[in-house]
Structures are given as C-alpha cells and as structure tokens.
Amino acid sequence: MGRVEKLVCTGCSLLCEDINVVFDDKGKINNIFSMCNVGFERFKHLSLDNRLKSSAIRGENKFTNISIDDAVERVAEMLKASKKPLLYGWGYCSCEAIKLGLDIARKLKGVFDNQASKGYWYAYAQAEKHESISNVLEKTLDYANHVIFLGFNPAETHPRHASRYSIFPRGVKVEKGVEGRSITVIDSENTKTSRIAHNKFILEAEDELKLIKAISSMLKGEKLTTSISDVSETKLLELVRDFKNSSYISIFYGSSFFENKDYRLKVDTIYQLVEKIREVNVECTALPMPKPYNMLGAIKTTLKETGYPCAVDFSDEEKKHSPEEKSAISMILNGEVDLALIVGSNIFTELSRPVRKKFMGIPVIVLDFIESLTVKNSNLYVASAITGLETGGTVYRADEKEVSLTPLFKPPENILSDEDFLSKVCKKI
C-alpha cells in the first residue's frame with residue numbers, strides 16, 4: 001500500500017488546500033488529485049530541466065558555479081558595498097522570507113518594494129475600507145447569486161475559482177449552484193470565462209469605466225447620459241434590473257483592469273458601485289484577485305513591519321513611502337538605486353524597455369528555483385527551494401485566510417529556502 005499526503009497548492013492566490021498526492025510503496029508519486037493546470041505547472045518544476053541546481057556568478061562571458069556558503073558571502077558583500085540597494089518581489093515566497101528581506105533593507109537603508117506597488121496595495125486598502133475581505137470566497141460560495149468578473153479571467157489564471165467558489169458549486173443560499181447564479185463579465189477581450197457569462201460586455205478600457213459609472217447612476221434611478229460603444233440602453237436596464245433582483249453580488253477584479261497610472265480612479269469607481277448596490281438593499285463585496293500566491297502576505301507583512309504596504313525607502317524618513325516615487329520601477333528608472341536583490345519575482349518580464357535598460361545597468365542578484373529571464377540577466381543567482389513543495393512557511397489567501405505550508409519533498413542537495421538563505425545573509429550584514 002502507498003500513502004496519500006495533503007498539499008497546499010501555490011499555483012495562485014486561491015491556495016487550494018485539498019490537493020492529494022498519492023505515493024507508491026517506493027515513495028514515488030503515483031497520482032495527484034484536485035490540482036489544476038496552473039498548480040501542476042508549478043509542481044512540475046520539481047523535475048524540469050530548467051530547475052536551478054547550483055548558485056552561480058557571472059564572469060566575463062559565462063556563469064561560474066559557486067557553493068552556497070560562497071553565495072552567502074558574496075551577496076552580503078555586494079549588499080554592504082551598495083549605497084542604496086533595492087529589494088523587490090516577495091509575492092512568490094513566505095511571509096517569514098519577506099520579514100527577513102525587510103530586516104536587510106532596514107539595516108542597509110535601502111528600498112523595499114513588492115508587486116503590490118503597481119496598484120494592488122490600493123485595491124486591498126479600499127476593500128478593507130468598505131468591508132472586511134475576510135473569507136469572501138466562502139461567502140461567495142454560500143450566498144452570491146450574482147457574480148461579476150471585472151478584468152479577471154479565472155479560467156486562465158485561477159482555474160478552480162469557478163468550481164470551488166464562484167460559479168458551479170452549491171451553497172447555503174444557492175442550492176442549485178450554477179443554475180442559481182447570474183454571471184456577468186466585463187473585460188477588454190473575449191475569454192474562456194466570458195463564454196459562460198449570462199451578461200457579457202467586451203469593451204475598450206475607457207468604456208469599461210463608463211459602464212461601471214453608468215450602472216451606478218442607473219441604480220440611483222438616473223437616466224443614461226453617456227453612450228457606450230456597442231452597449232444599448234435596453235441591455236443596461238436589463239443588467240440593472242438583474243442587480244436589483246439579486247440578494248448578494250460578488251465582484252472579482254483583476255490586474256488587467258487597474259494596473260496603470262489611473263488605478264486609484266478605477267478602484268474607487270468599483271467601490272462606488274459597491275455602495276450603490278448596497279443602497280438598493282443588495283449585499284455586495286468586491287475582491288481584487290492577484291496572481292502571485294502570497295501577494296496579500298507581502299502587503300500584510302510589510303504593513304506590520306513598517307506601517308506601509310509597499311514601496312518603502314528606509315533612507316528617506318521625510319518621505320518614506322510613495323508607490324509613485326518609491327516603487328521599484330520608479331527608483332530604477334530614476335537611477336536612485338545601485339543594486340537590486342530580486343526574490344519571488346521575474347521582474348525582467350514586468351519592465352518596459354526604458355526601465356529594463358536602466359535595470360541592466362546595475363548589479364542584479366536573484367533568488368529563484370528556475371532559469372527565468374531575470375536569472376539569465378543577473379550578475380549572481382542563488383538556487384533556492386520551491387516554497388510550498390520543498391519548504392514551508394506562512395502565506396495568505398486572496399481573502400485574508402492565513403495558510404501554513406507544509407512541504408512534502410526535500411530540495412536538491414545544498415539548496416536552501418529563501419528564508420534560510422536570507423537569514424544567513426542578514427547575519428553577515
């Protein structure tokens with residue numbers, strides 16, 4: 001007889017806790033149950049060819065492998081020699097590793113930033129301001145008879161969102177499951193999620209905002225005063241009627257809706273709609289859905305340690321926090337940092353060409369378990385264990401549920417977790 005072990009999936013911010021891994025009598029994996037394709041892609045890194053097996057430093061034309069002890073020494077030396085280092089990423093690692101990153105940034109009077117500085121920090125702040133986001137996923141499962149996906153395509157990014165919480169399952173007050181729920185999709189393109197929507201609005205970005213504002217006005221009884229391409233007033237009236245006939249509306253929105261310079265305006269517009277829905281005696285919640293599995297943990301840990309959610313400059317007491325001026329992208333573009341330590345992020349894929357050019361002009365250290373573009377363009381990379389599979393820690397689901405990760409596998413020989421490596425570096429500084 002083999003054995004069955006439970007595993008938390010770190011494929012996305014749903015952090016599904018019902019994954020069963022079946023091992024045979026020899027301890028080899030025989031089967032995996034309940035894991036979606038996104039989770040399985042991460043799981044496969046345990047044995048893929050692009051898995052990093054050693055740390056390395058760049059020479060003139062190639063990387064040369066170094067020991068883990070040497071990596072600790074060299075990283076500590078590079079950080080100490082830096083006048084103002086940037087420590088960035090943290091969405092794909094544990095809260096314990098994040099705290100150590102903050103400790104290092106504080107010691108060196110550097111800049112600490114996470115992926116939330118692109119807009120998620122504000123989305124979560126507004127979500128908390130309008131109502132606690134705690135357990136919104138379970139509330140959606142049990143009570144939501146109208147679900148809105150706004151710039152969010154869970155079929156691609158969070159595949160079990162629909163089957164576990166938002167569309168198909170039966171809940172306490174939604175006994176018929178999918179037959180008892182209305183699904184509305186507002187997006188800039190047709191997606192796998194939009195195919196199953198009852199109400200579908202495929203619009204340009206500026207029209208998405210117009211649509212939300214129009215719905216808010218019509219909920220108040222006001223007449224439509226603006227035109228929206230390919231959306232008739234009759235279609236809008238039908239949607240507003242659906243809203244009023246609902247008992248609980250759950251809105252989920254993704255980064256494609258708000259990750260640009262006007263993210264505050266867009267997020268504020270969502271929560272203005274939430275309030276208008278509540279004014280017609282319909283319960284409503286709105287939750288941002290990040291891709292990184294511990295984006296919320298990065299925000300919460302940074303808040304706890306500094307009082308700010310992201311973009312913290314420990315060298316500037318007068319203006320310590322500013323997502324616009326102290327974010328990783330701004331600091332790189334303005335030439336204000338002279339070294340970058342990247343943990344839990346493939347930042348190279350996030351940068352525009354001008355920022356990427358500046359980024360390549362400073363020394364870059366990366367902690368990762370695969371050969372990413374950021375690793376390939378680094379000066380020194382450290383091969384790390386895969387959080388959730390080979391090392392544990394604390395993380396937070398998108399709706400604030402605290403989750404403890406328990407690893408089922410051992411990392412390759414001489415490979416440390418992010419937490420263990422950063423702890424060693426911190427002691428050297």
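Scope of the values below: all heavy atoms of this structure, side chains included, with no hydrogens, waters or symmetry mates. The residues of the chain are indexed from 1 along the displayed sequence. Keep in mind it's a predicted model, so treat the numbers as computed, not measured.
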Discussion item. Just to verify, what does Asp70 make a salt bridge (charged side-chain N to carboxylate O under 4.0 Å, His left out) with, not counting sequence neighbours?
Written reply: Arg74
Fill in: Listed partners of Lys53 passing side-chain contact (heavy atoms from CB on, under 4.5 Å), at least two apart
Arg51, Pro412
Discussion item. Please list all pairs meeting salt bridge (charged side-chain N to carboxylate O under 4.0 Å, His left out) that have one or both residues in residues 76-92, counting only residues at least two apart or in different chains.
Written reply: Lys84-Asp313
Worksheet item: Who are the side-chain hydrogen bond (donor to acceptor under 3.5 Å, both in side chains) partners of Glu275, not counting sequence neighbours?
Response: Arg278
Item to complete: With sequence neighbours excluded, tell me which residues meet side-chain contact (heavy atoms from CB on, under 4.5 Å) with Ser227.
Response: none
Fill in: Residue list, side-chain contact (heavy atoms from CB on, under 4.5 Å) with Lys276, at least two apart or on another chain
Ser216, Leu219, Lys220, Glu279
Item to complete: Could I get the full list of ring-ring contact (aromatic ring centres under 6.0 Å, His included) partners for Phe252, not counting sequence neighbours?
Response: His161
Side-chain donor-acceptor contacts of residues 194-203 below 3.5 Å, not counting sequence neighbours, with atom names and distances?
| unit_1 | atom_1 | unit_2 | atom_2 | d |
| --- | --- | --- | --- | --- |
| Ser194 | OG | Thr191 | N | 2.8 |
| Ser194 | OG | Thr191 | O | 2.8 |
| His198 | ND1 | Ile183 | N | 2.8 |
| Asn199 | ND2 | Thr184 | OG1 | 2.9 |
| Lys200 | NZ | Asn190 | OD1 | 3.3 |

Practice prompt. Would you please name every residue forming a ring-ring contact (aromatic ring centres under 6.0 Å, His included) with Tyr92, sequence neighbours left out?
Written response: Tyr293
Discussion item. The criterion is ring-ring contact (aromatic ring centres under 6.0 Å, His included); which residues satisfy it with Tyr143, sequence neighbours excluded?
Written reply: none
Taking only distance into account, with no hydrogens and no angle test, what donor-acceptor pairs under 3.5 Å do side-chain atoms of residues 28-36 form with protein atoms, sequence neighbours excluded?
none

Worksheet entry | Pairing residues for Tyr120 by the ring-ring contact (aromatic ring centres under 6.0 Å, His included) criterion, not counting sequence neighbours | Phe258
